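Worksheet: one structure, shown below.
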Amino acid sequence: MNHSLLDEHALASPLRHKNNRLKLGLVGAALLVGVSSPSPVAPLFIALSMSFAAIRLGKVPARFYAGLVAAPLGFAALGAAIIFFFFGSGPEIFSLELFGLRIGASADGAEMAVLVVSRTLSGMSCLLFLALSTPMVELFALLKALRLPDSFVELSMMIYRYIFVLLEVVVRMRDAQAMRLGYDGFKNSIQSISMMAGTLFIRTMEQGERLFTAMDARCYDGRLFLFEERRPVKVQELLVASGYVAFISALAYFSRGTAIF
Amino acid sequence: MEGFLPHPWWEIWYALSLPVVVYGIYTMNRLVKERRETLPLLALAGAFIFVLSSLKLPSVTGSCSHPTGAGMGAILFGPAITAVLCLIVLVYQALFLAHGGITTLGANVFSMGIAGPAVAYIVYKGCAKSNLNFYASIFLAVSLADIATYLVTSLQLALAFPSATGGVLGSFYAFGTVFAFTQFPLAVLEGVFIALIFKYVIQVKGEVMVKLKVIDEKKLRRLKGVVQA
């Protein structure tokens with residue numbers, strides 16, 4: 001279990017003290033522009049600028065950031081490979097023989113594959129920017145302000161709290177089992193991990209009952225009141241953010257005909 | 001994967017998932033009004049699903065694989081509430097682990113939080129009627145839920161990126177075959193994993209399952225007898 005949860009980085013980020021709505025708005029707009037851009041130019045620009053912002057302004061270690069991007073990119077590459085070979089028509093630019101089957105890729109397919117990978121990159125970098133600069137605790141007040149049902153927000157908050165509690169239990173049990181050679185070999189591993197999860201489940205249910213008693217004793221009636229810190233947006237920040245959004249929208253619009261192949 | 005699904009597909013999957021999630025929240029609200037102690041319990045269950053899905057299962061091929069945990073949720077709480085829990089868990093996965101994403105959230109909720117749990121629930125209820133062994137039915141429910149999730153995901157990708165020659169069906173086969181290599185072993189593995197969890201829980205503290213109305217007293221005694229023999 002690695003404790004590289006992004007939330008910890010968000011808590012330490014200097015960008016944490018910026019206005020949350022502004023950050024959310026910026027990321028939302030960039031996400032939408034990235035996913036709807038018809039050419040890979042704008043998404044690639046968003047990916048670069050968002051990564052730059054996260055590493056430079058957010059002080060995220062570059063190596064750690066690269067690791068975060070690499071993992072999902074593998075999946076995206078796999079999907080893009082399929083699109084490369086099966087999507088679209090047009091002049092064939094590449095073909096190969098596989099198990100006696102001839103597979104060809106067209107220019108359209110290649111174009112689409114590049115576009116999909118660039119969109120994934122841009123989406124990932126936007127998401128990472130938000131995740132690495134805004135701790136979840138700060139988003140709850142925002143969720144309430146968005147008028148989501150109370151029970152839903154309460155549930156999210158409690159789940160958030162208990163993820164960390166349970167993770168700690170998991171790490172402790174896992175270490176204890178590993179020390180007793182519980183993860184030696186495939187069969188043992190399956191046994192151990194199931195036993196651990198089973199115990200975790202029982203712990204979970206007991207904890208749930210205790211939590212209810214504790215909250216009941218403090219007159220919980222289905223609503224926790226949250227304190228949202230006021231962080232006024234500076235004019236300059238607002239200008240930069242809207243300038244950025246305007247720029248990427250324009251970039252997406254004017255580069256719409258760009259083709260590589 | 002963030003940004004993977006193009007317009008209009010990500011909006012379509014959002015639109016398809018929304019009514020189910022709203023219905024789930026409605027069911028949950030009713031349940032919480034009736035018995036107030038359920039909210040903390042559901043919260044813990046959600047956290048459990050998150051932790052379960054972040055565990056790395058040992059895998060035959062040496063690579064790592066993640067269980068989804070949604071099948072277990074469906075057996076314990078029913079599919080509607082599981083959809084809500086899955087939605088929250090998927091948002092956290094996006095924000096904590098950079099798994100999945102916000103634009104693809106609708107599609108992911110549909111495949112993992114709605115299709116999978118629905119299949120798990122139907123299979124589990126069906127098996128309960130046909131008097132199949134309790135653990136075998138859990139294995140079946142969870143494995144088939146995983147396979148349903150994987151098929152729906154392939155279908156989502158195929159609809160968004162139809163193949164030039166074979167259309168949607170052609171690219172459905174292509175996506176399906178590529179993912180099958182990892183998803184089939186994973187489905188079997190998760191089935192075994194969840195069934196073993198149930199076995200341990202019933203052996204050690206079967207009352208929990210009775211309280212959650214997964215099984216009744218009579219069945220618990222019988223299961224304990226079977227396990228100890």
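Proteins get letters first, then strands, A, B, ... in listed order; numbering begins at 1 in each. Since this is a predicted model, take the numbers as computed values, not measurements.
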[Y] and [X], any side-chain heavy atoms less than 4.5 Å apart:
X	Y	result
Leu76(B)	Phe198(B)	yes
Met158(A)	Leu44(B)	no
Leu139(A)	Leu142(A)	yes

Using non-hydrogen atoms and a limit below 4.5 Å, what part of residues 22-33 of chain B faces chain A? Ile25(B), Met28(B), Asn29(B)

Hey, could you give me each pair passing salt bridge (charged side-chain N to carboxylate O under 4.0 Å, His left out) that has a residue in residues 189-213 of chain A? Not counting sequence neighbours. Glu206(A)-Lys205(B), Glu209(A)-Lys211(B)

List for me each residue that meets side-chain contact (heavy atoms from CB on, under 4.5 Å) alongside Tyr65(A), sequence neighbours excluded, and say none if there are none. Ser51(A), Ala54(A), Ile55(A), Val60(A), Val69(A), Ser125(A), Leu128(A), Leu132(A)

Restricting to side-chain contact (heavy atoms from CB on, under 4.5 Å), what partner residues turn up for Cys126(A), sequence neighbours left out? Val27(A), Ala30(A), Leu31(A), Ile46(A), Met50(A)

Residue, of [options], that accumulates the most heavy atom pairs under 4.5 Å with chain B:
options	result
Asp216(A), Val117(A), Leu130(A), Ile159(A)	Ile159(A)
Met157(A), Gln191(A), Gln207(A)	Gln191(A)
Gly208(A), Gly198(A), Ser194(A)	Ser194(A)

Check: Leu115(A) main-chain N/O paired with Ser118(A) side-chain donor or acceptor under 3.5 Å: yes

Aromatic centroids of Tyr200(B) and Phe201(A) separated by under 6.0 Å: no

Go through the atoms of Ile88(B) and report whether side chain, backbone, both or neither lie under 4.5 Å from a heavy atom of chain A. side chain

